[in-house]
**Q** 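Below you will find the structure I want to go over with you.
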There are 2 protein chains.
Amino acid sequence: MTFPELPHDTRSRLIESAILTFAAKGFDGAGIREIAKGANANSALVAYHFCGKEGLYRETLKAIFARKSCVVSELATIPPAGTPGARQAALQGFQDYIRAFFTELVSCLGSDPIDEAAMVLMAREMQAPRPASAPLLLEHLKPYVDHLTHCLQVLRPDLDEDALFAMGVSIQGQIIHFKNSLGIIRLIRGNPAYPEDLEKVIRHHIDFSLRGLGVPEAFPQPRH
Amino acid sequence: MTFPELPHDTRSRLIESAILTFAAKGFDGAGIREIAKGANANSALVAYHFCGKEGLYRETLKAIFARKSCVVSELATIPPAGTPGARQAALQGFQDYIRAFFTELVSCLGSDPIDEAAMVLMAREMQAPRPASAPLLLEHLKPYVDHLTHCLQVLRPDLDEDALFAMGVSIQGQIIHFKNSLGIIRLIRGNPAYPEDLEKVIRHHIDFSLRGLGVPEAFPQPRH
DNA sequence: GACAATATCAAACGATTGATTAACATGGGT
DNA sequence: ACCCATGTTAATCAATCGTTTGATATTGTC
């Protein structure tokens with residue numbers, strides 16, 4: 001559940017503190033002295049270990065990506081379109097994907113605060129990527145995009161590339177937005193512990209996405 | 001298309017420059033000297049006119065909200081549930097809403113750079129609201145939430161409050177995410193001018209939302 | 001034990017931050 | 001002509017920024 005190196009050497013402690021501090025205050029808002037203090041280290045060490053603040057930020061993102069890269073790869077690979085059973089596999093793979101993606105993003109809320117902060121940082125980076133780290137982000141996102149795109153292709157072979165892409169963006173979008181705007185959502189609802197039944201929310205996202213995608217199997221009338 | 005006061009007094013010029021600079025660099029990244037320079041004004045004037053940087057930021061958000069508050073109020077009010085014709089009106093009102101919301105958020109891309117920056121700022125504020133300005137944001141968002149919720153109630157009277165709310169979040173989410181992540185989306189597609197046909201994207205969002213919502217009328221099979 | 005490489009430290013660097021000050025201009029009000 | 005309120009300015013404030021420096025531990029090697 002925690003970062004690879006248990007020994008917790010200074011370098012790792014700095015990165016952990018950086019995740020927390022950058023997530024809480026942003027790149028400009030977080031000072032290296034504050035980060036160092038959070039790691040019980042000297043502020044001069046970020047220059048020594050990471051060649052400066054920007055380097056620490058880059059290495060922080062790398063650590064987050066390395067930690068999260070396994071999620072999508074754990075999903076079953078679905079057979080190519082046309083193969084018998086591909087449609088059924090894609091249908092299941094699609095649901096697994098949403099559940100995994102949602103869990104990675106949202107379900108970590110009560111668990112490790114570092115995990116939580118890491119997701120805040122990643123969300124911020126997706127919305128306004130620091131130019132130096134945009135390639136890193138792209139590379140990390142690619143497997144997700146590929147997996148989802150493949151599922152969609154199998155489920156809606158009649159759509160062209162543009163339409164498929166739009167579907168993918170919408171499906172990812174509702175989940176990412178749910179995570180990003182949880183603060184506002186709780187304010188609007190007036191309930192600081194809003195998603196009380198997480199499973200219910202996940203099922204909603206799956207159902208909504210399948211219907212939105214236009215998969216016939218998902219649309220036996222909800223009103224019966 | 002521009003801000004109310006044409007005279008462009010120093011105060012207004014400062015706010016305009018603040019919109020651009022805060023949007024580009026964030027609250028901490030933007031310096032009052034830089035903002036002042038963008039307004040051809042002295043940096044001491046932000047303390048004089050706005051009681052400091054935080055006050056300038058608050059007043060900047062107010063200006064943006066005042067400028068955008070009209071969008072939802074221009075939509076036709078739909079009759080209460082049960083009234084004859086309510087369903088048809090809600091169906092139309094729902095589509096108008098998505099179109100209006102999408103246009104406000106995304107369509108300003110080629111137009112006024114201040115409009116564009118204002119939306120960037122607002123998106124950032126929705127994701128991570130500065131504590132002092134959260135009430136402002138909530139008040140501005142309320143009409144949107146109310147309008148959408150009312151439409152959903154009419155279209156899906158069988159759902160409970162939780163389910164309706166989840167629907168609203170998903171629908172708003174895909175649009176907001178589309179706007180927020182346009183940068184990454186363009187990188188992924190490798191096309192810096194991605195939404196070449198904006199109308200097509202709007203129609204996708206309407207169709208996806210209606211199907212996702214589970215409105216029977218919206219689901220005559222897309223595969224014919 | 002001597003040596004060199006790696007880590008860590010306190011201290012100070014110059015630059016920049018937001019805020020403050022006092023002087024100065026401007027324009028009615030009397 | 002005098003006065004006061006309103007803007008505006010350059011200069012300066014203390015504080016903090018990220019970075020650099022030189023000295024000091026720590027470690028492994030011969």
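Note on naming: letters A, B, ... go to the chains in the order of the sequence lines (proteins, then strands), and numbering restarts at 1 for each one. Below, all heavy atoms of this structure are taken into account, side chains as well, without hydrogens, waters or symmetry copies. Please read all numbers here as calculations on a predicted model, not as lab measurements.
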**Q** Please list, chain by chain and in numerical order, all residues satisfying side chain to side chain donor-acceptor pair (under 3.5 Å) with A/K142, sequence neighbours excluded.
**A**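 Once residues adjacent in sequence are excluded, the partners of A/K142 under the side chain to side chain donor-acceptor pair (under 3.5 Å) criterion are A/D146.
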**Q** Round to the nearest Å and state the distance from B/K37 atom NZ to C/dT17 atom P.
**A** 10 Å
**Q** Pairs under 3.5 angstrom, nitrogen or oxygen only, protein versus nucleotides 23-27 of chain C, please.
**A**
none

**Q** Only counting residues at least two apart or in another chain, list the ones meeting salt bridge (Lys or Arg N to Asp or Glu O under 4.0 Å) with B/R58.
**A**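 If we apply the salt bridge (Lys or Arg N to Asp or Glu O under 4.0 Å) test to B/R58, skipping adjacent residues, there are no hits.
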**Q** Could you note down all residue pairs passing side-chain hydrogen bond (donor to acceptor under 3.5 Å, both in side chains) where residues 166-178 of chain B supplies at least one of them, sequence neighbours left out?
**A** A/S170-B/Q174, A/Q174-B/S170, A/H204-B/S170, B/Y97-B/Q172, B/Q174-B/H205, B/Q174-B/S209, B/H177-B/S181
**Q** How would DNA chain D look in dot-bracket form, 5' to 3', counting Watson-Crick and G-U wobble pairs with both distances under 3.5 Å and writing | for bases paired to another strand?
**A** ..||||||||||||||||||||||||||||
**Q** Give the rounded distance in Å between these two atoms: CD1 of B/I32 and C1' of D/dA10.
**A**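 To the nearest whole Å, that distance equals 14 Å.
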**Q** For residues 162-169 of chain B, which side-chain donor-acceptor pairs fall under 3.5 Å, sequence neighbours excluded?
**A**
residue : atom : partner : partner atom : Å
B/D162  : OD1  : A/R189  : NH1          : 2.9

**Q** With a 3.5 Å cut-off and sequence neighbours excluded, list the donor-acceptor pairs that the side chains of residues 20-30 of chain B form with protein atoms.
**A**
residue : atom : partner : partner atom : Å
B/T21   : OG1  : B/S17   : O            : 2.6
B/K25   : NZ   : B/E34   : OE2          : 2.9

**Q** Report, one pair per line, the protein and nucleotides 5-12 of chain C atoms (nitrogen or oxygen only) whose separation is under 3.5 Å.
**A**
residue : atom : partner : partner atom : Å
C/dA7   : OP2  : A/Y48   : OH           : 3.2
C/dT8   : OP1  : A/T10   : OG1          : 2.5
C/dT8   : OP2  : A/H49   : NE2          : 2.9
C/dC9   : OP2  : A/N42   : N            : 3.1
C/dA10  : OP2  : A/N42   : ND2          : 3.3
C/dA10  : N7   : A/N42   : ND2          : 3.1
C/dA12  : N6   : A/R33   : NH2          : 3.3

**Q** Quick one, which residues of residues 50-62 of chain B touch DNA chain C with a heavy atom under 4.0 Å?
**A**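 Going residue by residue through residues 50-62 of chain B, the ones with a heavy atom under 4.0 Å of DNA chain C turn out to be B/G52, B/K53.
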**Q** Using a 4.0 Å cut-off on heavy atoms, which residues in residues 20-28 of chain B reach DNA chain C? List them by number, or say none.
**A** none
**Q** Residues in side chain to side chain donor-acceptor pair (under 3.5 Å) with A/S43, at least two apart?
**A** none
**Q** So what does B/A30 hit on the nucleic acid, given a heavy-atom distance under 4.0 Å: a base, only sugar-phosphate, or nothing?
**A** sugar-phosphate
**Q** Do any N or O atoms of the protein come closer than 3.5 Å to N or O atoms of nucleotides 24-26 of chain D, and which pairs are they?
**A**
none

**Q** Measuring centre to centre across the rings, with the benzene-like ring taken for any Trp, is A/F178 within less than 6.0 Å of A/F102?
**A**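 Between A/F102 and A/F178, which both carry aromatic rings, the centre distance is below 6.0 Å.
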